[in-house]
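In what follows, a structure is listed as structure tokens, so that the remarks can point back to it.
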Protein chains: 2
Amino acid sequence: MKKYNIPVEAALEVIGGKWKVVILCHLIEGKKRTSELKKLMPGITQKMLTQQLRELEEDNVILREVYNQVPPKVEYSLTDYGWSLKGILDSLCSWGEQHIEKNHPNKEDVLIQPQSIE
Amino acid sequence: MKKYNIPVEAALEVIGGKWKVVILCHLIEGKKRTSELKKLMPGITQKMLTQQLRELEEDNVILREVYNQVPPKVEYSLTDYGWSLKGILDSLCSWGEQHIEKNHPNKEDVLIQPQSIE
DNA sequence: GTCAAAGGTATCAAATTGGTTACTTTTTAG
DNA sequence: CTAAAAAGTAACCAATTTGATACCTTTGAC
């Protein structure tokens, strides 16, 4: 069994990594289909997306709902347990915004403008 | 120049990775020497510790103070900018504690008891 | 029949991260 | 003269993470 030297390591195990916080930040905005998440995160591959979503589901942070139809439809949303991360996620988002403002006078230089999701 | 799809990525660039949050959590408790940090993080190697500390210093989150004496003494502490992360770090720590409590009835099973620092 | 749709696997390759060992520096203690 | 102390660097290798590409499934439209 995994052991921690300090409890915060347990949190990092759940939301650490390159993509999980980003995924969760998008899910705060509401339930999302796989394809919507892919549009919101142009840099992620299908493989990484699926993998990260599976791990978050495993940790009971998100819910995966499969609609039995063709073509398939799958929606992801935060569980109650996932919502307990909201404070952390919000703080991270706004810290990130301030960090950009502090270091990049024109934030347009570093923020890729999101393309509207038609 | 690095580009972000969403501002939270900027925060992850500063405090992401396996060690940085842990280091910062220890520095919240106060200024620490390199050797103290090593004791607090038995799993980290000198190399990784130095590397992560340099990056945090580069991002202006921690301060490195070298005392000109032999044997050398170096102390690390949070900068004002680093303190702006306190809320996030505190929340992460307590979420980690709750996560352990929720998933491990005996938290002794997963928490390596810290050895007293001599 | 065959293409498209959405979501997902499988396989392999590349990049990033982490670990090991040896070496450096300076001054004091023995 | 030699060892020790604290912090660090360099070179090299191993492990983990992440990425790219191709392929699979089901059913309705053309």
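Throughout, a chain's letter reflects where its sequence line sits, starting with A, and its residues are numbered from 1.
Residue Arg64(A) has its side chain nearest to dG7(C) when only dG7(C), dT18(D), dG19(C) are considered.
Between Arg33(B) and dA7(D), a side-chain N or O to OP1/OP2 separation shorter than 4.0 Å is present. For the pair Thr34(A) and dG8(C), the criterion of a side-chain N or O lying under 4.0 Å from OP1 or OP2 is met. Side-chain N/O atoms of Lys18(A) include one lying less than 4.0 angstrom from OP1 or OP2 on dG19(D). In this model, the phosphate group of dG8(C) is approached by a side-chain N or O of Arg54(A) to a distance below 4.0 Å at OP1 or OP2. Taking 4.0 angstrom as the limit, Thr45(B) places none of its side-chain polar atoms (N or O) nearer than this to OP1 or OP2 of dT20(C). Between Ser35(A) and the phosphate of dG7(C), there is a side-chain N or O to OP1/OP2 separation shorter than 4.0 Å.
Within the 4.5 Å cutoff, side-chain heavy atoms of Val14(A) are placed close to those of Trp95(B).
Partners of Lys31(B) by side-chain hydrogen bond (donor to acceptor under 3.5 Å, both in side chains), not counting sequence neighbours, listed by chain and number: Glu65(B).
For the 3.5 Å distance criterion, the side chains of Ser94(A) and Gln98(A) fail to qualify, holding no donor opposite an acceptor.
We find that CE of Met41(A) is positioned 13 Å from P of dG7(C), with the value rounded to whole Å.
With Thr50(A) as the partner, the side-chain hydrogen bond (donor to acceptor under 3.5 Å, both in side chains) test is satisfied by one option alone out of Arg54(A), Gln52(A), Gln46(A): Gln46(A).
Helix-axis bend for the helix from dG1(C)-dC30(D) to dG30(C)-dC1(D): the local axis fitted to the five terminal pairs at one end deviates from that at the other end by 30°, rounded to 10°.
Placement of Leu63(B) and Tyr81(B) in two distinct hydrophobic clusters is found when ILVMFWY residues are connected by side-chain heavy-atom separations under 4.5 Å, directly or transitively.
Using a 4.0 Å heavy-atom distance criterion, Tyr76(A) is classed as a sugar-phosphate-only contact.
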